[in-house]
Amino acid sequence: MDILDKYELKEWWLTSLTAAHRDQISRDYQPMGYPTSECYLYANLVGKTYGETDKCCLLNVLACVAKDDAKDIIWDKTEQAVKEALNRPRKNYKDIHLALTGLIKHHYSLRDNPSHYNKAKELCQLQISIAIQAAKVFSKPLKPKGISLKKLEEILGHKPVGYDVPQIMPSHIGYKQLAIILEKEGDLKGALELSRKALKQGWNDDYKKRITKLESKLAKQK
C-alpha cells in the first residue's frame, strides 16, 4: 500500500491527471529526509509513520509541486478533501487548517479574477470557523513519543526541556488575509473585530500593530 492507496486517491490520481502530470509530480515530490533514489508517492508504507497531518495536506503539497493545469486540478481536489474532512465525526484540525492556508494563498494570488477573490474570502471564513479548535491543537504541549514523560525524566535524571509546555502558535492566514481584505473594502470595524479575535486566540502575527492602526483610522472617521 502506498500513500495514494492509504488516502483513497489512487483512482482519482490515475483518471484526473495525465501520465505526464503524474510523472512530473511523483518525480519532483521528495519529502525532507526521504531517499532521493526512491519515489515517495509509490513507496510501500508498511511500518511507516505518517506524521500529524493527513490527506488534505498531502494534496496541498502536491498542488504546490504540480505544474501547469495540474495545479488547478489538485487545488480543486484539495478543497473537496477539506470539506469532506470537516464533515467527519473525528477531525484532524491541523491537517484542515494547513490545507486551507495553502488554498487561501493560491486563490488570493489570483485575486484579479473576481471568482478567485471571492473564493479566497470564503476560505478565510471557513478557516476562521475552526480557529478555536485548531488553536487547541497547535498550542497543545509536546509529549515524547514511545515513552511517558515521567519515564523519560527518570532516565535523564532531570525534567526534559521543551515538553509539557504550550507551543508557540503559528500565523493564521484566514484572520490576517480577511482583515486586510475588509480594510481595503472599507470595513474597518470588521477588520478590527477579526484582528482582536485572532490576538485573543493567541495566533502569532502583528495583530497589536494592526489593531492600533485600525483604531486610529476609525478615530479619524468620528
Side-chain angles (χ1 to χ4, degrees), residues 7 9 12-13 16-18 20-32 40-41 53-86 92-131 134-135 138 169-188 190-195 197-199 201 203-207 209-211 213-214 217:
Y7 293 129
L9 289 169
W12 164 82
W13 174 259
S16 298
L17 299 168
T18 67
H21 289 153
R22 298 194 298 271
D23 288 345
Q24 178 266 310
I25 297 166
S26 61
R27 181 181 63 251
D28 294 346
Y29 177 45
Q30 201 68 33
M32 187 178 295
Y40 179 76
L41 287 178
T53 56
D54 269 316
K55 179 178 182 177
C56 298
C57 272
L58 173 65
L59 286 165
N60 179 77
V61 172
L62 295 183
C64 292
V65 171
K67 296 179 180 179
D68 303 322
D69 55 337
K71 274 190 175 293
D72 289 333
I73 294 170
I74 303 178
W75 281 126
D76 287 345
K77 185 65 174 177
T78 305
E79 183 178 349
Q80 179 188 334
V82 163
K83 290 178 178 178
E84 289 172 353
L86 284 168
N92 184 334
Y93 286 108
K94 181 173 285 190
D95 184 57
I96 297 168
H97 172 92
L98 293 173
L100 281 168
T101 294
L103 281 163
I104 292 166
K105 288 180 177 179
H106 165 67
H107 286 288
Y108 194 70
S109 71
L110 303 170
R111 59 189 175 278
D112 288 343
N113 182 321
S115 64
H116 285 288
Y117 181 76
N118 291 326
K119 176 59 72 172
K121 291 173 67 175
E122 174 193 326
L123 294 169
C124 283
Q125 291 165 343
L126 184 59
Q127 192 181 48
I128 289 168
S129 74
I130 61 164
F138 280 104
M169 296 269 280
S171 175
H172 192 293
I173 191 69
Y175 273 124
K176 182 177 182 178
Q177 194 63 73
L178 189 55
I180 291 171
I181 289 172
L182 292 180
E183 182 180 357
K184 288 182 177 180
E185 291 180 348
D187 184 1
L188 299 182
L192 179 60
E193 182 182 355
L194 287 177
S195 299
K197 282 184 179 180
L199 180 63
Q201 290 174 9
W203 296 101
N204 189 22
D205 221 309
D206 57 351
Y207 291 113
K209 289 182 180 180
R210 184 171 296 281
I211 288 168
K213 183 184 74 171
L214 289 166
K217 282 188 174 184

Exercise. In terms of ring plane angle, is the pair His97 and Trp203 parallel, tilted or perpendicular, where the classes change at 30° and 60°?
Worked result: parallel
Exercise. How are the rings of Trp75 and His106 set relative to one another: parallel (under 30°), tilted (30 to 60°) or perpendicular (over 60°)?
Worked result: parallel
So [Y] and [X], do their side chains get closer than 4.5 Å, heavy atoms only?
X: Thr101; Y: Gln127; answer: yes
X: His172; Y: Gln201; answer: no
X: Leu9; Y: Leu58; answer: yes
X: Ile73; Y: Trp12; answer: yes
X: Tyr108; Y: Ile181; answer: yes
X: Asn60; Y: Leu98; answer: no

Problem set entry | Atom NZ of Lys105: over 12 foreign heavy atoms under 6.0 Å | no
May I ask you to decide if [Y]'s main-chain N or O and [X]'s side chain share a donor-acceptor pair within less than 3.5 Å?
X: His21; Y: Thr18; value: yes
X: Gln24; Y: Lys67; value: yes
X: Asp205; Y: Ser171; value: no

Problem set entry | Residues Leu126, Leu86; criterion side-chain contact (heavy atoms from CB on, under 4.5 Å); working and verdict | CA-CA 10 Å; Leu126 184 59; Leu86 284 168; 3.7 Å; yes
For this session: Begin with the C-alpha distance, continue with both residues' side-chain angles, and end with the deciding distance and a verdict on side-chain contact (heavy atoms from CB on, under 4.5 Å) for His107 and His116.
Result: CA-CA 5 Å; His107 286 288; His116 285 288; 2.9 Å; yes
